[in-house]
Structure formats: C-alpha cells, structure tokens
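In what follows, a single structure is set out as structure tokens and then discussed.
Reminder, nothing fancy here: chain letters follow the sequence lines and each chain counts from 1.
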Amino acid sequence: MDHSKNCDHGLAEIEALLRREQELVTQLRALILPQLHNVDSGSAELAAQLFDDVIGCSTSVVSKLFTAGSGATIELIDDKSLVRKKSPSTAAAAAIDDKMDEQAKPSCIVGRKRRRNDGKRSRSLVTNVPHYDGHQWRKYGQKNINGRQHARSYYRCTYTERNCSATKTVQQQDRDGGGSIYSADAGEDQGAKYTVVYYGDHTCKAGDNISNNIID
DNA sequence: ATCATTTGACCGGG
DNA sequence: CCCGGTCAAATGAT
C-alpha cells in the first residue's frame, strides 16, 4: 500500500538494483565469452555484441532516470566535473565527496549539477571483473589520482590505429575504512571492485583472430 | 623479430 | 600552479 513512499528511496533502490544487474551481467560475460571463443569465435563475437547491448540498455536506463529526471541533473556519468568543491568551509562535505569517488552517488540529491555532456559520452559501471568485456585493450597510461589508493589505468582499443577510438579507464575502488576485510591476503581481485568508464564507441570490425586466454 | 606494458615527461584546462 | 589525461622511449614478454 505504501508503495512510492518518496522518490528518494525508490530511485535509490532502483539505482542499486541496476548497478547490481550490471555487475552480474559483467561477471557472466567474463565467464562466458572466453569459453565461447574457444568454441566458435563468430558466436563469441555475437555474444559480445549482445552483452554490450544489454549493458548499454542498462546504462541508458540509468542515464535517463537520473539525468532526465525531474529537473535534477545528477552527474551519474563520469566526467571531470565531479571534483568540484562547492562549499569551501564544509570539510565534511569534502570528505564525502572524496569518498564518493567519481560515481555511484546517491540518486536524488539536491545537488543539481550542470551537465557537461558535450562531446564526451561516457558510460561507467562497477564490476569485479574489469577485464574481458569482449574487446581487447591496450594500456597506454597509468596515473595516481589525487588521494586515491590505487592508480587509474588508461586503455585504448587495440585496433585504435585502424578503426576503433574506444577508450576506457579502470580504477580500483578503495577497499578500506569500514569495509569488511574478507581475506587479509596480499589483496587480490577477489572482492575488489573496479570502476570502469568507457569512452567512445567500438567500431572494431569482426572476424579478426583474437588470441584470447589472457584470463587472469 | 614484434608487440604490449611500464613509467616519467609533457601538455592543456581549471 | 596543480591535476589528470596522453605520449613515447625503455623495458618486458612471446
């Protein structure tokens, strides 16, 4: 009966669910694609495209929900705009902003930021498995970000010189402070979350022999 | 040999 | 200036 209590809770839940879905689909993709590629590379490519479309739909839904919402433009898309500090006096706000990383902000905040989606469309998602999204990437840079624990890696599509201008960045999220420490081992990817931001579109063509088995 | 990753330099925007 | 994104030479891997 008390459905749609307030837009805040609903949107927050929806956002969390969508992110969860993206994460799961990403894991599934990382599981399926390498196997399938060993069997039939053509099917693997089709599957990769399908996975891309599914995730694309999901991210589009997120974008439309949270950017075209009721007048509130939220920077769900990762831009350079996030590091903006509005209140100089509020140290707590700065801390929150720092902790929030570049994305995954709560949904319905009052913070109506400006949309600087000009020329750069970027899709960001969080996953345990940042590798094997069905495309091949070549790393071209790595930088330490301001106060971040882990470096940010910059990748371009392997076929950049030919067709593809797609780009992505991978940043491991800080697994610290109040997080449950599962295995205190020499931090492996288990349980680690990565924020992956995709820029540009893949125009890679199919049919190239991809030597896979770069599985970690 | 080729190709990918590494790593500091470089550069442009805020 | 600082910060962060890219370049490119050196290094590593195959």
Side-chain angles (χ1 to χ4, degrees), chain A residues 29-30 33-34 37-38 41 44-45 48 59 67 73-105 111-176 186-189 192-216:
Chain A
R29 171 224 261 158
L33 278 187
H37 195 275
N38 287 334
S41 58
E45 266 187 47
T59 54
T67 68
T73 347
I74 301 199
E75 66 289 4
L76 187 123
I77 310 292
D78 176 64
D79 253 351
K80 316 177 177 180
S81 52
L82 243 302
V83 206
R84 180 176 198 172
K85 300 174 181 177
K86 299 181 70 174
S87 319
S89 60
T90 328
I96 289 179
D97 193 64
D98 192 44
K99 220 159 205 170
M100 274 310 177
D101 204 351
E102 303 149 345
Q103 64 127 25
K105 290 224 168 182
R112 44 187 74 88
K113 297 296 173 69
R114 84 266 197 222
R115 46 187 175 169
R116 185 157 294 275
N117 273 348
D118 121 295
K120 288 188 175 180
R121 43 192 71 126
S122 60
R123 294 84 63 188
S124 70
L125 63 89
V126 177
T127 178
N128 292 331
V129 193
H131 331 280
Y132 265 60
D133 46 6
H135 293 109
Q136 294 198 241
W137 303 95
R138 159 179 120 251
K139 190 183 206 173
Y140 70 91
Q142 171 170 326
K143 285 287 276 195
N144 279 327
I145 304 306
N146 204 335
R148 201 72 337 151
Q149 228 171 35
H150 303 274
R152 174 179 302 173
S153 298
Y154 301 85
Y155 297 88
R156 314 182 76 162
C157 186
T158 307
Y159 312 107
T160 289
E161 312 298 338
R162 306 179 182 178
N163 305 322
C164 202
S165 61
T167 283
K168 80 168 176 180
T169 65
V170 174
Q171 164 127 21
Q172 181 175 352
Q173 295 180 352
D174 284 355
R175 161 194 277 274
D176 202 2
E188 282 310 312
D189 22 303
K193 302 240 173 147
Y194 301 84
T195 299
V196 184
V197 186
Y198 293 93
Y199 301 92
D201 298 307
H202 281 284
T203 48
C204 314
K205 70 172 193 172
D208 248 2
N209 46 355
I210 307 174
S211 57
N212 68 347
N213 277 343
I214 320 178
I215 316 180
D216 198 20

Given atom OH of Tyr199(A) and atom C1' of dG5(C), what is their separation to the nearest angstrom?
9 Å
Reckon Arg148(A) has a side-chain N or O less than 4.0 Å from the OP1 or OP2 of dG4(C)?
no
How does protein contact run along nucleotides 1-6 of chain B, one letter per nucleotide 5' to 3', with B for base contact, S for sugar-phosphate only, - for none, heavy atoms under 4.0 Å?
---SBB
Nearest-Å distance for atom pair OH/P, residues Tyr154(A) and dA8(C)
17 Å
Taking side-chain contact (heavy atoms from CB on, under 4.5 Å) as the definition, give me every residue that meets it alongside Val129(A), ordered by chain and number, with sequence neighbours left out.
Gln27(A), Ala30(A), Thr127(A)
Between Gln173(A) and Thr195(A), is there a side-chain donor-acceptor contact under 3.5 Å, judged purely by atom types and distance?
yes
Over how many whole Å does the gap from Asn146(A) atom CG to dC3(C) atom P extend?
5 Å
Heavy atoms only: give me the nearest Gly134(A)-Leu33(A) pair and the separation to one decimal.
CA-CD1, 3.5 Å
Where is the tightest heavy-atom contact between Ser153(A) and Gln142(A), given as atom of each residue plus distance?
OG-OE1, 3.9 Å
Tyr198(A): what forms a side chain to side chain donor-acceptor pair (under 3.5 Å) with it, not counting sequence neighbours?
Asp133(A)
Taking side-chain contact (heavy atoms from CB on, under 4.5 Å) as the test, write out the residues that go with His150(A), two or more places apart.
Gln172(A), Asp174(A)
Point-to-point distance, once rounded to the nearest 0.5 Å, from NE2 of His131(A) to OH of Tyr194(A)
5.5 Å
Could you work out, with side-chain contact (heavy atoms from CB on, under 4.5 Å) as the rule, every residue matching Thr167(A), not counting sequence neighbours?
Tyr140(A), Arg156(A), Tyr199(A)
Between the protein and nucleotides 9-14 of chain C, which nitrogen or oxygen pairs are less than 3.5 angstrom apart?
none

